[in-house]
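Naming: A, B, ... by sequence-line order, numbering from 1 per chain.
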Amino acid sequence: MKVKVKFFAILRERAGAAEATKEIREGSTVAELWELLQRDYPRLAPVRMRLLYAVNQDYVNADYALKEGDEVVFVPPVSGG
Amino acid sequence: MKVKVKFFAILRERAGAAEATKEIREGSTVAELWELLQRDYPRLAPVRMRLLYAVNQDYVNADYALKEGDEVVFVPPVSGG
Amino acid sequence: MFRVTRNAIDLQELVAFVTDPEAGAIVTFIGTTRNNNEGRKVIALDYEAYPEMAEKELKRLGEEAGKRWRIQRMAIVHRIGPVQITEPSVIIAVSAAHRADAFEACRFAIEEIKKSVPIWKKEVFEGGEVWIGTQSGQPLNRY
Amino acid sequence: MFRVTRNAIDLQELVAFVTDPEAGAIVTFIGTTRNNNEGRKVIALDYEAYPEMAEKELKRLGEEAGKRWRIQRMAIVHRIGPVQITEPSVIIAVSAAHRADAFEACRFAIEEIKKSVPIWKKEVFEGGEVWIGTQSGQPLNRY
């Protein structure tokens, strides 16, 4: 199945891309998707920071099981305001 | 000696005047002036509220000894804001 | 800027006054006339001040705030005369490097105004009018 | 009104939005770009957002504030893109019948924005630039 990934801020810069579509196996979790992306975008790997995970504009846990067409965002530490 | 009195808000309405000049004996205190004024303006007497005292635009105590030309204000409970 | 005025208060003017390159935060408080108070239907508030002393006290409390918190600039303007529903009677603006100082100094300013600055409001409501703050029935006595 | 925008934020628009005949207090918070941070001379801040989710999170925190305090209306607008020294990056406006609620809800909103709303700032300073908040060296981990 396919999911859509959006990269923002430091992750966008490190990935060198704002968006990606990724083919993953049914039932993959958000954490597993992150592992796969680190292989596709090696510069994401050394990013040692606390990430939050959002699916379809809501925060989810790392073990959230993805579904076809989900929009996934790995959220670096926010710093608005 | 003479002092100037200004009345504001509820005291202005009860005195029926915004200002008065009052002849008092040397060394009179603010509290003594208030007693005298209650005779001049009987409608001030039943004003049962906490008053503060100001002389020349600074708060003073009731036993403050007045001087010639002082500007005295009896300050009803403030309610700005 | 510590001022008592008969005119409408210009929020932008106060914010411009406190804007400062060293500031990361500006907090403003706007006191507005509410359409009800203690069950009464309010028509307007009518403010009176001892203006020279009110401005002096506003300045004094601004200096006190500057001692207690790390703030950049402060402005307070209080309107006198009639103030209609939704209109501002007082605006306070405070800038600071950090938001906590701006919030706390702004809160301090409005609390102090209500305690010590010689300004009085008369509430004009349906069926009458009353000077606010004088209804306590307390005997004559220094605070 | 919960909005992310590339344009300058209009304080008056937010204050007009929260103005309410039932309100006696309006508190606003304006976050501005400060000319220095941690010893660096700041040139500008450059904000990026996940806009759909940021607006959703702003709305959510406004609803949460409405559960915790008695407020009338709230507006939050966050700017994205470059924000120069002294310019606002975020404005929050809250109206309430009583000032304590307006102050506390406004303070809550800015604290929550800094915790949970997907907006990021890059600091452009003399000699470089850095994404703020990512320098903790913490391992990958859910909060």
Counting C-beta onward and ignoring hydrogens, is there a side-chain heavy-atom pair between C:V15 and D:L11 closer than 4.5 Å? yes
Using side-chain contact (heavy atoms from CB on, under 4.5 Å), reason through D:D20 and C:T86 one step at a time and then give a plain yes or no. CA-CA 6 Å; D:D20 188 302; C:T86 76; over 6 Å; no
If you count heavy-atom pairs under 4.5 Å between each of C:P88, C:C106, C:A93 and chain D, which one has the most? C:C106
Could you name the residues of residues 96-105 of chain D that have a heavy atom within less than 4.5 Å of a heavy atom in chain C? D:A97, D:H98, D:R99, D:A100, D:F103, D:E104
Has the side chain of C:T32 got a donor or acceptor atom that lies under 3.5 Å from a matching backbone atom of D:A23? yes
Checking heavy atoms, do the side chain of D:T19, its backbone, both or neither come under 4.5 Å from chain C? side chain
Under 4.5 Å, heavy atom to heavy atom, which residues of residues 35-71 of chain C contact chain D? C:N35, C:N36
Could you give the distance from CD (C:Q12) to CD (D:Q12), rounded to the nearest 0.5 Å? 4.5 Å
